[in-house]
Structure formats: structure tokens, C-alpha cells
Visitor: 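Once you've had a glance at the structure underneath, I'll fire off some questions.
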Protein chains: 2
Amino acid sequence: MSKGRVTVIDIAKAAGVSKSTVSLVLQGSPLVNEGTRSKVNAAMRELGYVYNRGAANLRQTSAKSKIIGVVVNDLTNSFFAELAVGVDMVVQSAGFVQFLSNTSESIDRQREVIASMREHGISGLIVSPARATEAADFKPLVAADIPVVVVVRSLPGAKVSSIVSDNQDGTSAAVEHLASLGHARIAFLGGFPDTAVFEERLAGYMDGMNAAGFSFHEELVVSSAPSRAGGADAIGRAMAMSNRPTAAVCFNDAVAFGVCDGLRARHMEPGRDFAVVGFDDVIEAQTAVPALTTISVDPQSMGRRAAQLLLKQINAGKAEPESVTTAVRLVIRESCGAAQKTGRKMA
Amino acid sequence: MSKGRVTVIDIAKAAGVSKSTVSLVLQGSPLVNEGTRSKVNAAMRELGYVYNRGAANLRQTSAKSKIIGVVVNDLTNSFFAELAVGVDMVVQSAGFVQFLSNTSESIDRQREVIASMREHGISGLIVSPARATEAADFKPLVAADIPVVVVVRSLPGAKVSSIVSDNQDGTSAAVEHLASLGHARIAFLGGFPDTAVFEERLAGYMDGMNAAGFSFHEELVVSSAPSRAGGADAIGRAMAMSNRPTAAVCFNDAVAFGVCDGLRARHMEPGRDFAVVGFDDVIEAQTAVPALTTISVDPQSMGRRAAQLLLKQINAGKAEPESVTTAVRLVIRESCGAAQKTGRKMA
DNA sequence: CTGTTAGCGCATTCAC
DNA sequence: GTGAATGCGCTAACAG
């Protein structure tokens, strides 16, 4: 029972057939007699046979390894955990398995794990790039015809598919929403200017201000770490200004949390004394601060869509050099004070 | 460049050496001339060679696949996400990659993913078992000499290593703590009685009650879903009792959250009008409700320890049939009202 | 329908 | 030091 690995030849012997017959039942080929099939299956169960995919896709023409790589920049952030869950769902039901790695925003780590994944013969990759990732990083992948889907953060000029939330429209809508509530001095708080996401959301902010007929004041944009602490810091600086804002759209919900913290520390009630809106990057936010308007994108469905897209490309065989950008729906939830307005959907 | 896969033979040709020479440099053998080595490396870079681990460990004696499987019962729960991050850390730096799968508490899913992982030749497995997992489920693994480390939830009589928090001592200490605060009617809220964790924590609760000189009242144990909603439900039922409790230790922090919700809905202030303690299963809790005493275990370090244990066993070669149970440190954080007491460590 | 014959890409003896 | 064989477990063509 413990004498080495049991192989097709063992079970062939036990079932009194030949190896290739076994191979056929393994692949569920209809070319095999029902009686033989069950005999083979019985033998497999008997001997505790386990299929060796390594050997299989060594022989197979290309890398139908049934494994897809997933790398995220911060698994600690529930958004990405949820995303991974979404990916896992469709990946599992398609009979694939998921290589999941966390880069913690380290570009070196990212290179390492991707290299490692390649060595293991992944047949596709879903990646939420670490900061400072360049398009060139995925060059070898596409050259090897390995489909890549970039999520959450768009990548400058990479020839890969991508799924990102509609940052610009979302933020813009948030600003318009605040304007419709009567706010005029609306700040943009949090986030570091070195990411595409920041730029997109900032652009949306400017769009929204424009659309509402307000002029752009650079001072109203105060950047900080995209975290709770960062938010507290940002609101602190905003409130130190001579002409204080009365509302803010935050880079993400972690920042929005921090902003709420900061407001309360100043004896102000978020949503009443100061309106705050944030992108739902950290899903936990949805439950933790109901009195907060947020722009949200469901990470799980985003993950599912990414996986679906990837599988489609894998099955298609040829990786289309075209970059497919799919926007996800954004929804503004209203829950401060009044009745919950049914989510307004966009894009 | 895109003509199939580039193999050792290709780069051997390009470097003007033989395949086995290439193989030697691949393994960093000192038996190869420095000049040749660099020539080979150059050729590898030139042709974009990627090492094929599948082929490699097909040849190698057994499954030194450099891949370890991680399966958790709920990746949506930040605790497990953090755990996975901890695992990933040590796994990555040991040159392994991580197969991560989420079972969503489905025993069938769990069987599937573990089977799938076996097919891919994992050299070890870390698993937080889904509910209703039986010891027998890991029988084939240990029979195949694949080390298994069970985390978070202990498994009845499985011959595998495990790392669990010291549930009993932790809960017991929590009860004693509440007793020292003057509470006498202390409830145990939340959780389903069908898990070992529940039993352990309940046992700790009873220990604590005993130690404090209180008799056990079954009515003070009200079970519910181990979630926020479940907590709200549980406190509702507790407050409906004729002789209300004045404090509670909760199955986990999600429940504790719900309990706080329920208290506030009844115009009571958690920590002041009613003391509540919960296990930190969901890490997010630590930041979201500071005014809550919790019994916590750091999921990341737990993940790291699990990975270390697993790697040790993998390197040891022979999987010890002995079950190694390692308790992690528990710490009670005090933050309701008074100054933060430095964490009291146990076990 | 089933058995036979070749390799997939690599690592491991051995000779040279 | 390096090159020529051999086989890991499996699938792909063919042959029976």
C-alpha cells in the first residue's frame, strides 16, 4: 500500500487491461466498453490511484495544466480576499485549481511569484498588480500565449485584458450627488497620486466639480495613505484650512472611516455635519458604517467576471492581443438618515 | 520565439553544450565550469527559458513539487485571509508556492479541492477543516506520506499535526476576568454546538464559572449562528430572560459585534451597561470596535507557524504519525473605558 | 473496442 | 568536467 506511487500500469494490471484503456476511462472517453470501464474504476478505487497531472500535461501538447494563477497586492484587504473567493468559485467549478499569492505591494515578490507560477505551468493569470508594476512585466507571459487578466488597477499599455471598476464615473457621480445635497466645497481626500486608480478617481472628482459648476481648487485635494489612519490625517488637514470643506469624497472606504474618526474627534457627526462618500474598496465597510454613502463594486462578482474572462481566453486557445476593458457596475448606496434609496446603477 | 516551448535541449544547443550540463547549472551544481555556466545562463535568458517543474518532479523520486496546498473554510472571513497571508509568507520564502482554495464550509467542496491538489502533487497540506470534516478524510493523505497540518479547528482523532488556539483556557480566563469585574450572571452567547471549537470554548466557560464559584445555568448558554446577525439574535434572547445576565463571553467577535448591535438597539452601552468579551476570529474586529474586550490570536503568526511546522515535516521526509498539538498565545486586550492593559498572555 | 509503440522535459547514473 | 543513455507517468497515434 505504501510501496511507491500507484500508476496506470498498476491498475491496468489489476483490471486485466492495458494502460491506454485505463487512460481512456480516465478521460471519460466513450470508446470504452461499459464493463471494462467499471472494472477499471473499481481497480482505481481499490489501489487508491491518484491521477498525475504533472505527467499528463507533460505529454499533452501545451499547458492545459488546469491551474490558474491569482496574485493580489494585498490579501489582508478584504476586498481582495473576496475577489479571490469570486475567482475561486468559477475556477473550481471549471475544474481548475487556484494558485494564490500575495505580493504585499512588492514588485519583486510579484516577479518571483509569477516566475514561480510559470514554472508550474499555469494556463492563465489573474493579477491585481502591485504598485509600480509595468506593462513590460507581462510581456513574457503574453509571448508564451498565457492569457492574463489584470484586475482593479489598470495597467498603462499592457497587451492584456483587464477588469477595473469605473473609477472616473463613480467618483464623478459621487460629487454630483453631494452637490445635489447642497454642498459646494467638496474635498477629495486620501490616496497616493502614484496609481492609475488615484488619477482616475481624481479625474472623476474634477469632472463632477465641473458638471456641478464649481471651479477646481487644488487645496481641496489632500492625499494621504489609503488607510484609516490616512483618512484621519487627511480630514485633520482639511479642517485646518481657512475655508473648510463641508463634504468629501474619499479615495476609498478605509479613508472614509478615518475621516469619520477624525470628524467625531472634532465632535462632528459624519453624514449630518459633514457628508462623506467613499469607494468601497474594503468590503467590510459596507456593514461597519451604515451611516455612510459609498460607491461600491462587488469584489466577488468582479472576481467571477475576471475568472470567466480568463477561462474564455484559455478555451479560445489563441490569446487575443486586444485589450478588453470591462467596467463593473457602481452603485451609490444611501443610508444616512433617510430611507435606503435603492442603489443607483451606472455604467 | 513563439515556436513551442523552449527546453533544456534548445539552450544546450545554443550554448554549445549538452543537456545534462544545462541540467547541472539549473541545480547550481559546483561541478560545472564557471565559463560554461555563464554561457548557459546567457542562453537561457536569451531564449526565454522557463524551468518545467512538472517534468522535473516527474523524474524525481517523489513529490518534491514545491507546492503546498492551503484550504480554508471561509476566505471571506478576514481571519482566514490573514492566516493565508501568514502561510504565504513563509511558503514563498521557502521557494514554495501556495495552492489556496476556499470551501465555504462545504465538505464536498473540500473533498474535491483536496483531491485536485493531490493530483497536482502537493507536498504538504494546511487545512482549516469545513464543518463536519472527519478524521478519515485525511487518511489517504497520511497514507501517501503527505504531511498535513490542521489549523483553527481541531479534528477528533486524525493522525495529523494541528495548530489551534487554546480555546478552553482563553474562554475560561475571559470568564474569570468578567467575574473579577464583579459580574455574576455571565452568559455564553453564539456559535453552533456541532464544532469542536464550540465545545472547547464552552468547556472553558464552564471552567471559568466553576473557578469563580458560580454554578452552571444551562439557560445562560444561548447558541446562534457565529455571525453578527447571530449575535444580535442571541443577545435578544438573553435579554428576554427573567433573570438577565449582566455580561457575556461570545463565541467569537462577529457574535460580539452583533451583541453590541443588539445592546445599542436596547439603548444600552456595551462595556458600560453590559460587558462583552469575544474571541477574535475575525480580525477586522480589533480595529472596528475598540471598546470591546477580546481574546485574540494573531492569524498571521498562526499561519506562519503552521507553514513552518509543515515545512519542517516535509523536509524531515518521514511524516511522523504522532499528532503535534501546538497552542498559540492568547491575549486579553482591555480597552473599554480605562487605560489599555498590556496584553495578558497565556499558554 | 483494445493493445503497442513512442516520446513529452527533465534528472540521473554511467562512461569519456 | 562533459556527453550518451535511461526512465518518471502519461497520452497520442496507430495497429490488432
Side-chain angles (χ1 to χ4, degrees), chain A residues 3-41 43-44 47-67 116 118-123 144, chain B residues 3-41 43-44 47-67 116 118-123 144:
Chain A
K3 40 147 50 240
R5 200 168 170 65
V6 32
T7 97
V8 273
I9 193 166
D10 292 319
I11 83 107
K13 209 170 297 176
V17 296
S18 106
K19 325 137 193 219
S20 41
T21 307
V22 177
S23 183
L24 286 182
V25 318
L26 245 35
Q27 310 170 67
S29 166
L31 301 173
V32 62
N33 194 345
E34 197 48 54
T36 349
R37 176 192 304 284
S38 51
K39 251 200 322 198
V40 169
N41 281 324
M44 298 203 314
L47 305 191
Y49 170 74
V50 301
Y51 184 76
N52 186 336
R53 277 180 199 280
N57 62 262
L58 178 58
R59 188 64 185 83
Q60 245 148 185
T61 40
S62 61
K64 302 175 48 273
S65 62
K66 288 296 193 180
I67 111 180
S116 175
R118 282 208 65 190
E119 294 186 355
H120 282 282
I122 54 171
S123 41
Chain B
K3 42 143 56 231
R5 199 167 170 64
V6 31
T7 96
V8 273
I9 193 165
D10 292 319
I11 82 109
K13 209 169 300 175
V17 296
S18 105
K19 325 136 194 222
S20 40
T21 308
V22 178
S23 185
L24 287 182
V25 317
L26 245 33
Q27 309 168 66
S29 167
L31 301 174
V32 63
N33 196 342
E34 196 49 54
T36 358
R37 176 191 305 282
S38 51
K39 253 200 321 201
V40 169
N41 281 324
M44 298 203 313
L47 305 191
Y49 170 76
V50 302
Y51 185 77
N52 186 337
R53 277 179 199 281
N57 62 259
L58 179 57
R59 184 66 184 83
Q60 249 148 183
T61 41
S62 60
K64 303 176 48 277
S65 62
K66 287 297 193 179
I67 109 182
S116 174
R118 282 208 65 189
E119 294 185 355
H120 282 282
I122 53 171
S123 42

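Keep in mind the model is a prediction, meaning the values are calculated, not measured. Chain identifiers are assigned alphabetically (A, B, ...) following the order of the sequence lines, protein sequences preceding nucleic acid strands; residue numbering begins at 1 within each chain.
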Visitor: To the nearest angstrom, how far is B:K13 atom NZ from D:dG3 atom C1'?
Guide: 15 Å
Visitor: According to a strict under-4.0 Å criterion, is A:S18 in side-chain N/O contact with OP1 or OP2 of C:dT2?
Guide: no
Visitor: Is the shortest side-chain heavy-atom distance between B:H120 and A:I67 below 4.5 Å?
Guide: yes
Visitor: Testing the 3.5 Å rule here: is there a donor-acceptor pair between the side chains of B:Q27 and B:S23?
Guide: yes
Visitor: Could you check whether any side-chain heavy atom of A:L26 comes within less than 4.5 Å of a side-chain heavy atom of A:V8, counting everything from C-beta outward?
Guide: yes
Visitor: Output the rounded distance in Å from CD (B:E119) to P (D:dC10).
Guide: 10 Å
Visitor: Output yes when a side-chain donor or acceptor of B:T36 lies under 3.5 Å from a complementary backbone atom of B:V32, and no otherwise.
Guide: no
Visitor: Mind checking whether B:N41 and B:Y49 have side chains closer than 4.5 Å, heavy atoms only?
Guide: no
Visitor: Using side-chain heavy atoms (C-beta onward) and a distance below 4.5 Å, is A:R37 in contact with A:N33?
Guide: no
Visitor: With the sugar-phosphate defined as primed atoms, P, OP1 and OP2, and the base as all remaining atoms, what B/S/- string results for nucleotides 6-16 of chain C, 5' to 3', for protein heavy atoms under 4.0 Å?
Guide: -BBBBBB----
Visitor: Report yes if a side-chain nitrogen or oxygen of A:T36 is closer than 4.0 Å to either non-bridging phosphate oxygen (OP1 or OP2) of C:dC1; otherwise report no.
Guide: no
Visitor: How long is the line joining NZ of B:K39 and C1' of D:dT2, in whole Å?
Guide: 12 Å
